[in-house]
K.L.:
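Have a look at this one before I ask anything.
The model shown is predicted, which means the values in this text are computed figures rather than measured ones. Both backbone and side-chain heavy atoms feed into the values below; hydrogens, waters and symmetry mates do not.
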Amino acid sequence: QVQLVESGGGSVQAGGSLRLSCAASGYTYVTYCMGWFRQAPGKEREGVAAIDRYGTTSYADFVKGRFTISKGNAKNTLYLQMNSLKPEDTAMYYCAAVDCSVYMVRRPHHQYEYNYWGQGTQVTVSS
């Protein structure tokens with residue numbers, strides 16, 4: 001059974017940094033495409049960053065140059081390094097996965113491309 005468990009969220013002042021982790025288990029990690037999403041109260045879930053099974057990354061415009069997505073191969077862990085945080089980055093952050101060896105992901109920042117989700121970790125940025 002596929003499981004994704006996020007950690008690393010917390011409260012930070014504007015301009016600070018956090019690193020989110022997503023521990024993945026129950027599947028062949030290397031064949032999966034993964035992404036980070038976020039959802040603020042009253043808003044729709046939006047894609048933040050994505051990484052395919054070859055390591056190619058993509059980012060939403062609002063985080064380019066500030067956030068970095070990466071995979072830790074040895075420990076089946078996905079990371080999101082977040083720098084220069086802004087109050088508008090406040091949200092619940094989720095990691096997501098899909099087996100892209102059997103499914104072609106066309107829109108990596110769209111939530112409906114992914115079928116496995118973690119429970120989320122809260123990020124709060126104060127001004």
K.L.:
For the backbone of Ser127 and the side chain of Gln13, can you confirm whether one donor and one acceptor N or O come within less than 3.5 Å of each other?
P.N.:
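A pair under 3.5 Å: no.
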K.L.:
Are Leu18 and Tyr59 connected in a single hydrophobic cluster, I mean Ile/Leu/Val/Met/Phe/Trp/Tyr linked by side-chain heavy atoms less than 4.5 Å apart?
P.N.:
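Yes; tracing contacts between hydrophobic side chains, which count when under 4.5 Å, links both residues.
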K.L.:
Do Ile69 and Val123 share a hydrophobic cluster, counting only Ile, Leu, Val, Met, Phe, Trp and Tyr and linking them when any side-chain heavy atoms are less than 4.5 Å apart?
P.N.:
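The answer is yes; both residues are in one hydrophobic cluster.
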K.L.:
Are any of the side-chain nitrogens in Asp89 or Lys86 under 4.0 Å away from the carboxylate oxygens of its partner?
P.N.:
no
K.L.:
When you measure from the side chain of Gln111 to the backbone N and O of Gly47, does any donor-acceptor pair fall under 3.5 Å?
P.N.:
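Judged by distance alone, no pair lies under 3.5 Å.
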K.L.:
Side-chain contact, heavy-atom cut-off 4.5 Å: Ser7 with Thr121?
P.N.:
no
K.L.:
If you define the side chain from C-beta out and look only at heavy atoms, does anything of Gln119 sit under 4.5 Å from Val5?
P.N.:
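The answer is yes, as the side chains (C-beta and beyond) meet within the 4.5 Å cut-off.
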K.L.:
Can you tell me how far OH of Tyr94 sits from CG of Leu20, rounded to the nearest 0.5 angstrom?
P.N.:
12.5 Å
K.L.:
In a check of ring-ring contact (aromatic ring centres under 6.0 Å, His included) between Trp117 and each of Trp36, Phe37, Tyr112, which one passes?
P.N.:
Phe37
K.L.:
What's the spacing between Asn76 CG and Gln3 CD if we round to 0.5 Å?
P.N.:
12.5 Å
K.L.:
If you round to the nearest 0.5 Å, how far is CZ of Arg38 from CG of Leu80?
P.N.:
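Those atoms lie 9.5 Å apart.
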K.L.:
Under a 3.5 Å threshold, yes or no: a donor from one side chain and an acceptor from the other, between Gln122 and Tyr93?
P.N.:
no
K.L.:
Has Gln39 got a side-chain atom pairing as donor or acceptor with Glu44's backbone, closer than 3.5 angstrom?
P.N.:
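No, the answer is negative, given that no donor and acceptor are paired below the 3.5 Å cut-off.
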K.L.:
Is a donor on one side and an acceptor on the other found under 3.5 Å between the side chain of Ser21 and the backbone of Gly8?
P.N.:
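Not a single qualifying donor-acceptor pair exists.
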K.L.:
Taking the six-membered ring of Tyr79 as reference, does the NZ or CZ atom of Arg19 fall below 6.0 Å from its centre and within a 45° cone about the axis?
P.N.:
yes
K.L.:
Between Gln81 and Phe67 (side chain of the first, backbone of the second, donor and acceptor by atom type, cut-off under 3.5 Å), is there such a pair?
P.N.:
no
K.L.:
Report yes or no: do Val48 and Met92 belong to one cluster of Ile/Leu/Val/Met/Phe/Trp/Tyr joined by side chain heavy-atom distances under 4.5 Å?
P.N.:
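No, because Val48 and Met92 fall into different hydrophobic clusters, even though each may have its own neighbours under 4.5 Å.
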K.L.:
Look up atom CE in Met82 and atom OG in Ser17, then write down how far apart they are to the nearest 0.5 Å.
P.N.:
8.5 Å
K.L.:
Kindly confirm or rule out a cation-pi arrangement of Arg53 over Tyr32, judged by NZ or CZ under 6.0 Å from the six-membered ring centre and within 45° of its axis?
P.N.:
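Output no; distance or angle outside limits.
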K.L.:
Main chain of Pro108, side chain of Tyr114: is a donor-acceptor contact present, judged purely on distance under 3.5 Å?
P.N.:
yes
K.L.:
For Ile51 and Leu78: C-alpha separation, side-chain torsions, deciding distance, then whether side chain to side chain contact (heavy atoms under 4.5 Å, CB included) applies.
P.N.:
CA-CA 9 Å; Ile51 185 167; Leu78 180 72; 3.8 Å; yes
